[in-house]
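Notes follow the structure.
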Amino acid sequence: MIVDDVAGLRRVLQDNRVIAVVGLSPSWNRPSYFAAKYMLEHGYTIIPVNPAATEILGRKCYPDLASVPAKVDLVDVFRKPEDALPIAEEAIRIGAKCLWLQLGVINSEAAERASSAGLDVVMDRCVKIEYARLFGGLNYAGVNTRIISAKRPPCPPLQG
């Protein structure tokens, strides 16, 4: 199912705690590194997927999704849009529950294929920005999150 509403995004971020980041860069100044580090600091398990690295963020890096020995909930894609379809196919094969295509990664064919296979699909959004928007953080800096509520939703529990 294509997820593009606040309730759906909140559900995806609460229910999917193990994130394989495809295209995670070992460079601290790259968006993928920053987003993965942020999610790691907020209790998510991060699994780096990059064939050019052996370790990122102090975690073993895998060359592809098929090599990951752990159960992956969410596949976060930091690759070119044309790379998204094969990654979607791999996400389906490993039994992931969600395919998340980052900002600028727009591939309708990959989204439709993953959605048809039963995965939640988020496209053209940043996992870090959405977490901060939905569970607090951005509003403290004066950013209009477009969420009006007297109560802050509880953050997903930390994994221990």
Side-chain angles (χ1 to χ4, degrees), residues 1-135 138 145-146 156 159:
M1 160 172 68
I2 305 296
V3 177
D4 199 31
D5 64 319
V6 168
L9 292 167
R10 197 173 271 145
R11 176 185 52 78
V12 164
L13 289 169
Q14 286 176 322
D15 295 349
N16 299 289
R17 307 297 299 169
V18 179
I19 303 174
V21 184
V22 179
L24 178 54
S25 173
S27 299
W28 69 269
N29 59 345
R30 300 292 302 160
S32 61
Y33 187 95
F34 185 74
K37 184 172 188 246
Y38 180 90
M39 297 308 284
L40 185 63
E41 290 169 353
H42 285 83
Y44 288 81
T45 299
I46 299 298
I47 301 170
V49 178
N50 182 336
T54 56
E55 185 180 290
I56 302 174
L57 288 168
R59 280 150 180 71
K60 180 175 170 47
C61 192
Y62 297 92
D64 53 41
L65 289 171
S67 303
V68 175
K71 175 78 173 103
V72 172
D73 297 325
L74 187 149
V75 174
D76 188 11
V77 182
F78 278 93
R79 299 284 302 149
K80 297 177 292 196
E82 54 268 22
D83 295 341
L85 183 58
I87 295 167
E89 296 287 351
E90 226 180 337
I92 294 164
R93 276 194 298 280
I94 67 165
K97 296 187 275 183
C98 180
L99 177 69
W100 190 298
L101 303 177
Q102 278 290 332
L103 289 171
V105 184
I106 302 167
N107 186 316
S108 298
E109 188 179 2
E112 180 56 39
R113 177 67 186 105
S115 182
S116 296
L119 278 70
D120 285 326
V121 178
V122 179
M123 186 165 49
D124 196 26
R125 290 184 181 267
C126 174
V127 69
K128 181 253 178 254
I129 292 170
E130 293 304 321
Y131 181 92
R133 180 172 80 99
L134 298 173
F135 297 107
L138 283 181
T145 61
R146 296 189 186 136
Q159 284 189 313

Legend entry - side-chain hydrogen bond (donor to acceptor under 3.5 Å, both in side chains) involving N50 - partner list, sequence neighbours excluded: none
Legend entry - V105 side chain near D124 side chain, heavy-atom distance below 4.5 Å: no
Inset, instruction - For P81 and G104, work out which heavy atoms get closest and say how close. - result: CG-O, 3.6 Å
Legend entry - A114 versus I92, closest heavy-atom pair with distance: CA-CD1, 4.0 Å
Legend entry - Heavy-atom side-chain contact between I46 and M39 under 4.5 Å: yes
Legend entry - Distance (rounded to the nearest 0.5 Å) between F78 CZ and L101 CG: 11.0 Å
Legend entry - R133 vs K128, side chain to side chain contact (heavy atoms under 4.5 Å, CB included): CA-CA, chis, key distance, verdict: CA-CA 9 Å; R133 180 172 80 99; K128 181 253 178 254; over 6 Å; no
Legend entry - Within 6.0 Å of CD in E109, more than 12 heavy atoms from elsewhere: no
Inset, instruction - Go through the steps to decide whether V3 and V121 satisfy the test side chain to side chain contact (heavy atoms under 4.5 Å, CB included), and finish with yes or no. - result: CA-CA 6 Å; V3 177; V121 178; over 6 Å; no
Legend entry - SB check D5 R10 (cutoff 4.0 Å): no
Inset, instruction - Mind checking salt bridge (charged side-chain N to carboxylate O under 4.0 Å, His left out) for K71 and listing every partner two or more places apart, or none if nothing turns up? - result: none
Inset, instruction - Measure the CE-CD1 distance between M123 and I106 for me, rounded to the nearest 0.5 Å. - result: 6.5 Å
Legend entry - Close side-chain approach of V122 and L9, heavy atoms under 4.5 Å: yes
Inset, instruction - Would you confirm whether E90, through its side chain, and D64, through its main-chain N or O, come within 3.5 Å as a donor-acceptor pair? - result: no
In a table with atom names and distances, give each donor-acceptor pair under 3.5 Å that connects a side chain of residues 20-34 to protein atoms at least two apart or in another chain.
residue	atom	partner	partner atom	Å
S25	OG	S27	N	3.0
S32	OG	S25	N	2.9

Legend entry - Gap separating the CG atom of D120 from the CG atom of N16, nearest 0.5 angstrom: 7.0 Å
Legend entry - Electrostatic pair R59-E55, nearest N-O below 4.0 angstrom: no
Legend entry - Test side chain to side chain contact (heavy atoms under 4.5 Å, CB included) applied to I129 and L103, step by step: CA-CA 10 Å; I129 292 170; L103 289 171; 4.1 Å; yes
Legend entry - Gap separating the CD1 atom of I94 from the CD atom of E89, nearest 0.5 angstrom: 12.5 Å
Inset, instruction - Scan side-chain atoms only and decide if S116 and E112 contain a donor-acceptor pair under the 3.5 Å cut-off. - result: yes
Inset, instruction - Answer whether the closest heavy-atom distance between the side chains of L119 and K97 falls below 4.5 Å. - result: no
Inset, instruction - Determine whether N107 and E82 make a side-chain contact, defined as any pair of heavy atoms from C-beta on separated by less than 4.5 Å. - result: no
Legend entry - Check: E130 and L13 side chains under 4.5 Å, non-hydrogen atoms: yes
Inset, instruction - For the residue pair Q102 and D76, confirm or rule out a side-chain donor-acceptor distance under 3.5 Å. - result: yes
Inset, instruction - Check whether any side-chain heavy atom of P69 lies under 4.5 Å from a side-chain heavy atom of Y62, and answer yes or no. - result: yes
Legend entry - Nearest-0.5 Å distance that lies between atom CD1 in I56 and atom SG in C61: 4.0 Å
Inset, instruction - Indicate yes or no: at least one non-hydrogen side-chain atom of V12 is less than 4.5 angstrom from one of W100. - result: yes
Inset, instruction - Provide the closest heavy-atom pair for A110 versus L99 in the form atom of the first, atom of the second, distance. - result: O-CD2, 4.2 Å
Inset, instruction - Give a yes or no on whether the backbone of V18 and the side-chain of D73 come within a donor-acceptor separation of less than 3.5 Å. - result: yes
Legend entry - Donor-acceptor contact present, side-chain S115 to main-chain M1, <3.5 Å: yes
Legend entry - side chain to side chain contact (heavy atoms under 4.5 Å, CB included) assessment of V49 paired with L65: CA-CA 7 Å; V49 178; L65 289 171; 4.1 Å; yes
Legend entry - Nearest-0.5 Å distance, OG of residue S108 to CD1 of residue I2: 8.0 Å
